[in-house]
Each structure stands twice: as C-alpha cells, then as structure tokens.
Amino acid sequence: MRNPPWNREELILALDLYFKIDYGLMHGTHPKIKALSNLLSLKNEGNGFSRSASSVSLKFANFKRIDPNFEGKGMIGGSQLEESIWQEFYQNKKELQIIASNLKSSIINQRKALFTNWLEKNGKPNGIPYQKGTISIYANQIDHIILKEFSINIEGLSLYELIDLNELKKIENSLYDGIDSKKRRDLRSAFQSYVRFVQYSNVNIEGTILGEEEDEEESYTEGKKKVYISKKAERNIKLREKAINIHGTTCKVCTFNFGKTYGSWGEGFIEVHHLIPLGGEDDKIRITDPKKNLIVLCANCHRMVHRKKGITLTVEELKQKLTTQS
C-alpha cells in the first residue's frame, strides 16, 4: 500500500524547516532533512509507515512551486493543503515555529514513553527487571543529559530523534573518551539500553523493517539532478516481537546466537525473515501469521537468503548449501 497523503501536522513541521534551509541544500542527504525524516517516521510509527528523506526533499520541491522568492520552477503538482498551509504561515513564521516546536516535543515525548514501556516489559539483557526509578532516570538521561555530559553536538536534536544504528554507534564510541567515572558508566548503561530498544524496533536509516531491503524507482527529475522516491511494502513492527517470542533468538539455519557469542551486548538480537516475501507487484494487504509466515535468521543467513535479486531461498535450500560447503 502507498503511504497516505501528508497531513497538516507533517506539513507544518516540513514548512518550518523549509524556511530554515537554503534552497540549494534542500536534498535528501542534508542532516536536518534526515532528522525531519526520522521525526516524521517516529510520528507515524504506530501507523505502519514512514517518511523518507527523499519524500521530505520532494515536499520541499512542492513548496518551491508556490514560493514567490524562489526563482526556479519547483516541482510540478502539489496539494491544496500545501497551498493552504503556505498561505496561513508565510507571513507568520513565528507562530509556525511555536506550533512546530510543540509538535516536535509531543513526538519526542511519545518516543520517550515507548522506550519507558519497553524497559518495563523487557528489563535488562539478562532478563532481570529494572527498578522503576532506574527506568525513569534512563528515560530522562537519553533526552538531554548524555549529550550534555559528553559534550556531544547533534545540531540541537534529542537522542530520541535518532533511529539510525550507525549514527548511534558513532555516538557510543565517543562515550568512552575522557576521564571515566561512575556517573559516566551509568550514562553509558542508559545509552546502551536505548540502542537495544532501537535494535528491537529494528528501524534503520532507510526506514526498512525486519532487515529486508527496499526497492527504489525514479519518480521525477528536477534540473540536472534526479530525485528518487523509495517504494516499500508496509511492515508491522509488532509482528517482529511476536515472531521472536515464538521462534527465539537462535538462527534457524546455522544456529548462531548473538547472545552466546557477544554476551549481554548481543542478547536478544536477531533478524526476522518473511517466508513469503512482501512487495513485488502485489500491493494487496496480507495477513501475516508470525508462527507460520515468519522465521528468525542471523544477519549472514538473512543476506544469503536474499543474495540474488528476484530469488528468495527457502530455509531448507539454504541449509543444504550450508552443509554442502562444510
């Protein structure tokens, strides 16, 4: 299914950022556009879809179409809601900033609540529950305290706005610099708990879920640069949790277990694979049974299952190749 049209709140957040970036920097690789993509994806997390950085940059191209200060043409087409919001806030950017700031705070608080609930439900890597006081402290430390203590600048963002594991890993490396102390060790523990939460949610920078790759197709051209829109099948994050509860965290092909190999760092981590691939030409909604239609695989086996485009090996086929080479 296609993502639904942008709603009023999403467009307000996009327009607020639009007025803060130079025209020539409005592309999908800009850090602030990536951050807005993350924020919108978090906003829609419970609705089963995300907004990619490419989608945000295309929305900016739509705004250019109605921007009297933009000398180019912008993107052809657009919605009446875009024009309505433009007319409402073009001469009232201060009010726009206030509304956008409140929306952003609401989304971050929603993410914070999800993290808190996840800590209460899953506990420590060894399964021991956290104390309620510790959960509250961890949730607040992720918001601002960690960045302040370690003098980390991520352009005014909260850690709750980061859903890219690669970015989080880079930040984690910097948490070991400087003089160590009990306070810093406690903050690292809080940060590692958040990384586990992001791993569990399995939301990465491309917005894909369950470790499967998304397809891209060219949609429009703008000047000499090509603009791409990501196209992917919707996936229900809750199915991943159910699949792991049913099938465990040991790879069903090679029996690799991240917890046994990496200790508490890898405990509970595994990828979930659809036995019947999503996507392709079929855009119909499908009911997925986590017991019958999903299975757990390590990263290596998951890659091997999808190694050749258009071919998805069965678990038995991959087991046969594994034993053939041993």
Side-chain angles (χ1 to χ4, degrees), residues 1-21 25-64 75 77-79 81-86 88-89 93 96-115 142-143 154-168 194 197-198 201-210 214 216 219-220 227-238:
M1 291 180 63
R2 295 181 178 179
N3 285 351
W6 285 54
N7 60 35
R8 176 179 171 83
E9 292 183 347
E10 292 175 313
L11 289 173
I12 285 176
L13 288 166
L15 185 60
D16 179 59
L17 181 58
Y18 176 86
F19 289 132
K20 298 175 181 177
I21 300 181
L25 300 178
M26 293 179 177
H27 49 74
T29 59
H30 193 288
K32 290 186 177 180
I33 287 183
K34 288 184 177 179
L36 179 57
S37 168
N38 288 350
L39 191 69
L40 295 177
S41 296
L42 293 176
K43 181 181 184 299
N44 294 304
E45 190 172 13
N47 299 322
F49 69 91
S50 61
R51 300 294 188 193
S52 68
S54 296
S55 177
V56 174
S57 63
L58 285 172
K59 191 56 60 181
F60 282 12
N62 285 342
F63 285 139
K64 288 178 181 178
M75 188 70 72
S79 70
L81 184 57
E82 292 165 3
E83 295 184 14
S84 173
I85 289 178
W86 179 276
E88 182 178 353
F89 294 109
K93 297 183 180 65
L96 174 66
Q97 290 178 4
I98 293 173
I99 296 175
S101 178
N102 289 336
L103 286 173
K104 179 178 176 180
S105 296
S106 176
I107 295 170
I108 291 175
N109 287 334
Q110 172 186 311
R111 181 70 166 175
K112 187 175 180 178
L114 288 173
F115 177 53
I142 294 299
D143 209 353
I154 53 175
E155 301 191 24
L157 302 178
S158 163
L159 284 174
Y160 284 116
E161 294 178 73
L162 299 186
I163 58 178
D164 176 17
L165 287 174
N166 291 326
E167 291 182 21
L168 290 171
Y194 182 68
F197 166 66
V198 174
S201 300
N202 205 17
V203 181
N204 58 32
I205 197 169
E206 290 85 8
T208 55
I209 300 174
L210 304 181
E214 63 181 67
E216 291 186 342
S219 179
Y220 300 100
V227 182
Y228 291 85
I229 297 179
S230 296
K231 178 183 178 183
K232 66 179 186 299
E234 290 184 339
R235 291 163 170 83
N236 189 328
I237 297 176
K238 292 182 180 180

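Only heavy atoms go into these numbers, but all of them, side chains included; no hydrogens, no water, no symmetry mates. For reference, positions follow the sequence shown, starting with 1.
- You'll find the side chain of K20 stays beyond 4.5 Å of the side chain of K32, heavy atoms only.
- Among I108, I154, V198, the single residue meeting the side chain to side chain contact (heavy atoms under 4.5 Å, CB included) criterion with L159 is I154.
- One finds the OH atom of Y18 at 4.5 Å from the CE atom of M26 (value rounded to the nearest 0.5 Å).
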Side chain to side chain contact (heavy atoms under 4.5 Å, CB included) assessment of L81 paired with W6: CA-CA 9 Å; L81 184 57; W6 285 54; over 6 Å; no

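- Heavy atoms only, all atoms of each residue included: L162 and Y194 are closest at O-OH, 3.3 Å.
- Electrostatic pairing of R8 and E88 counts as a salt bridge here, judged by a charged N lying under 4.0 Å from a carboxylate O.
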Would you sort out whether L42 and Q110 count as a side chain to side chain contact (heavy atoms under 4.5 Å, CB included), showing the intermediate values? CA-CA 9 Å; L42 293 176; Q110 172 186 311; 5.8 Å; no

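- Ionic pairing of R51 and E10 is present here: one or more N-O contacts between side-chain nitrogen and carboxylate oxygen are shorter than 4.0 angstrom.
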Does the pair L39 and L103 meet the rule for a side chain to side chain contact (heavy atoms under 4.5 Å, CB included), with working shown? CA-CA 10 Å; L39 191 69; L103 286 173; over 6 Å; no

Before giving the answer on side chain to side chain contact (heavy atoms under 4.5 Å, CB included), spell out for R111 and E161 the whole-Å C-alpha distance, their side-chain angles and the decisive distance to 0.1 Å. CA-CA 8 Å; R111 181 70 166 175; E161 294 178 73; over 6 Å; no

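- Here the closest heavy-atom approach between residue S41 and residue I163 is recorded as CB-CD1, 4.4 Å.
- Closest approach of A14 to F60, counting heavy atoms only: O-CE1, 3.2 Å.
- In this structure, K93 forms a cation-pi arrangement with F19, its terminal cationic atom sitting closer than 6.0 Å to the ring centre and no more than 45° off the ring axis.
- Here the straight-line distance linking atom CG of L36 with atom CD1 of I21 works out to 8.5 Å at 0.5 Å rounding.
- One distance of note links OG of S79 with CD1 of I85; it measures 7.5 Å at 0.5 Å rounding.
- The structure places CG of L15 at 8.5 Å from CD1 of I12, a figure rounded to the nearest 0.5 Å.
- Two residues are said to be in side-chain contact when any heavy atoms from C-beta on lie closer than 4.5 Å; N7 and K43 meet this criterion.
- Scanning all heavy atoms of the two residues, the minimum distance from A53 to I33 falls at O-CG2, 3.7 Å.
- Looking only at side-chain heavy atoms (C-beta outward), L11 and W86 stay at 4.5 Å or farther from each other.
- Here the CZ atom belonging to F115 is positioned 7.5 Å from the CZ atom belonging to F197, to the nearest 0.5 angstrom.
- Listed for the S50 side chain is no donor-acceptor partner under 3.5 Å among the backbone atoms of S52.
- Taking CD1 of I99 as the reference point, atom NZ of K104 lies at 16.0 Å (rounded to 0.5 Å).
- Counting only distance, with no hydrogens or angles, the side chain of D16 and the backbone of A100 share no donor-acceptor pair below 3.5 Å.
- A donor-acceptor contact shorter than 3.5 Å links the side chain of S105 to the backbone of S101.
- Across every non-hydrogen atom of G28 and K34, the tightest pair is O-CG, 3.5 Å.
- The neighbour count for K112 NZ, taken as heavy atoms of other residues, nucleotides or ligands under 6.0 Å away, is above 12.
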